[in-house]
Amino acid sequence: MNQRARIAMGEEEIAALLRDSRKLQLATINPDGTPHLVTMFYGLTGGRLTFWTYHKAQKTKNIERDARVTCLIETGEDYFELRGALVYGKAELIDDPEEILAVGMDVTRRMTGLTDVTQLREYVEHTARKRVAFIVEPTRVVSWDHRKLA
């Protein structure tokens, strides 16, 4: 077995990483073809990555032009602790206000670490008026868990 196959994570391990992490690196494609890379808090809907952002954000403009995205979720400090997943996919627009609010509430819950964010609903509703949300439909996932090397 080659080392690449040895450190790949299974579906359940990837799902746990996505469930337990809070931030991802989102890459979209700028008009000139260069990558636009930002850190985002994210949510999960049916195991798929979701995020929200402002209507006028560069990442929104980039996705409207080219829906291809790459999302990196990674954890660990030392080499033999590194775990991660690269989710390649297409970002699908969510423009229904209730669905945007649901994504916003999930992102807020994960961002704050609170189990119950109902006390923040009014704030989330207020900011949701200027936002859109996206769900990432994965086309390919690459993963690694360097703890398997030890």
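Taking every heavy atom of both residues into account, V124 and G104 meet most closely at CG1-C, 3.8 Å. The shortest non-hydrogen separation linking A85 to L17 is N-CD2, 3.8 Å. Between G43 and D106, the closest heavy-atom pair is CA-OD2, 3.1 Å. Closest approach of W144 and M9 over heavy atoms only: O-CE, 3.6 Å. Minimum heavy-atom separation, E98 to R121: OE1-NH2, 4.5 Å. Nearest heavy-atom pair across C71 and L49 is CB-CD1, 3.7 Å.
With R22 contributing its side chain and F41 its backbone, the two residues share no donor-acceptor pair below 3.5 Å. T60 places no side-chain N or O within donor-acceptor distance of the main-chain N or O of K56, the cut-off being under 3.5 Å.
With hydrophobic clusters built from ILVMFWY side chains whose heavy atoms lie under 4.5 angstrom apart, V38 shares a cluster with I73. Follow the hydrophobic side-chain contacts under 4.5 Å out from M40 and you never reach Y54; the two are in separate clusters. Hydrophobic clustering, with ILVMFWY side chains joined whenever heavy atoms are under 4.5 angstrom apart, groups M105 together with L120. Criterion: ILVMFWY side-chain heavy atoms under 4.5 Å apart, direct or through other members. Under it, L86 and Y79 are part of a common hydrophobic cluster. F51 is connected to L18 through a chain of hydrophobic side-chain contacts under 4.5 Å among Ile, Leu, Val, Met, Phe, Trp and Tyr, so both are in one cluster.
Atom CZ of R65 has more than 12 heavy atoms from other residues, nucleotides or ligands within 6.0 Å. Summarising the local packing, CZ of R4 is surrounded by more than 12 heavy atoms from other residues, nucleotides or ligands at distances under 6.0 Å. A 6.0 Å sphere centred on CD of E11 holds no more than 12 heavy atoms belonging to other residues, nucleotides or ligands.
Distance OG1/T34 to CG/D32: 3.5 Å, rounded to 0.5 Å. Distance check: T75 OG1 to E81 CD gives 8.5 Å after rounding to the nearest 0.5 Å. Residue L101 holds its CG atom at 5.5 Å from CD of E125, rounded to the nearest 0.5 Å. For the atom pair NZ of K59 and NE2 of H36, the computed distance is 6.0 Å after rounding to the nearest 0.5 Å. In this structure, T45 OG1 and E99 CD are separated by 8.5 Å, a value rounded to the nearest 0.5 Å. A distance of 10.0 Å separates CZ of R109 from CG of L114, quoted to the nearest 0.5 Å.
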For side-chain contact (heavy atoms from CB on, under 4.5 Å), just list the numbers for Y88 and R68, CA-CA rounded to whole Å, side-chain angles, deciding distance to a tenth of an Å, and then say yes or no.
CA-CA 8 Å; Y88 298 95; R68 292 177 298 167; over 6 Å; no
Given L26 and V136, is the side-chain contact (heavy atoms from CB on, under 4.5 Å) satisfied, shown in steps?
CA-CA 11 Å; L26 171 69; V136 178; 5.7 Å; no
Is there a side-chain contact (heavy atoms from CB on, under 4.5 Å) between T112 and V117? Walk through the geometry before answering.
CA-CA 8 Å; T112 62; V117 291; 3.8 Å; yes
List the steps, then state whether side-chain contact (heavy atoms from CB on, under 4.5 Å) holds for E64 with L93.
CA-CA 8 Å; E64 287 172 345; L93 176 68; over 6 Å; no
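Cation-pi geometry between R110 and Y42 is met: the NZ or CZ atom falls under 6.0 Å from the ring centre, inside 45° of the normal.
Residue I14 forms a side-chain contact (heavy atoms from CB on, under 4.5 Å) with just one option from V142, V141, D145, and that option is V141. Of the candidates I63, I100, I94, I63 is the only one forming a side-chain contact (heavy atoms from CB on, under 4.5 Å) with F134.
Side-chain contact check for T127 versus W52: some heavy-atom pair is nearer than 4.5 Å.
Ion pairing of E13 with K148 is present here, as a side-chain N (NZ or NE/NH1/NH2) and a carboxylate O approach within less than 4.0 Å.
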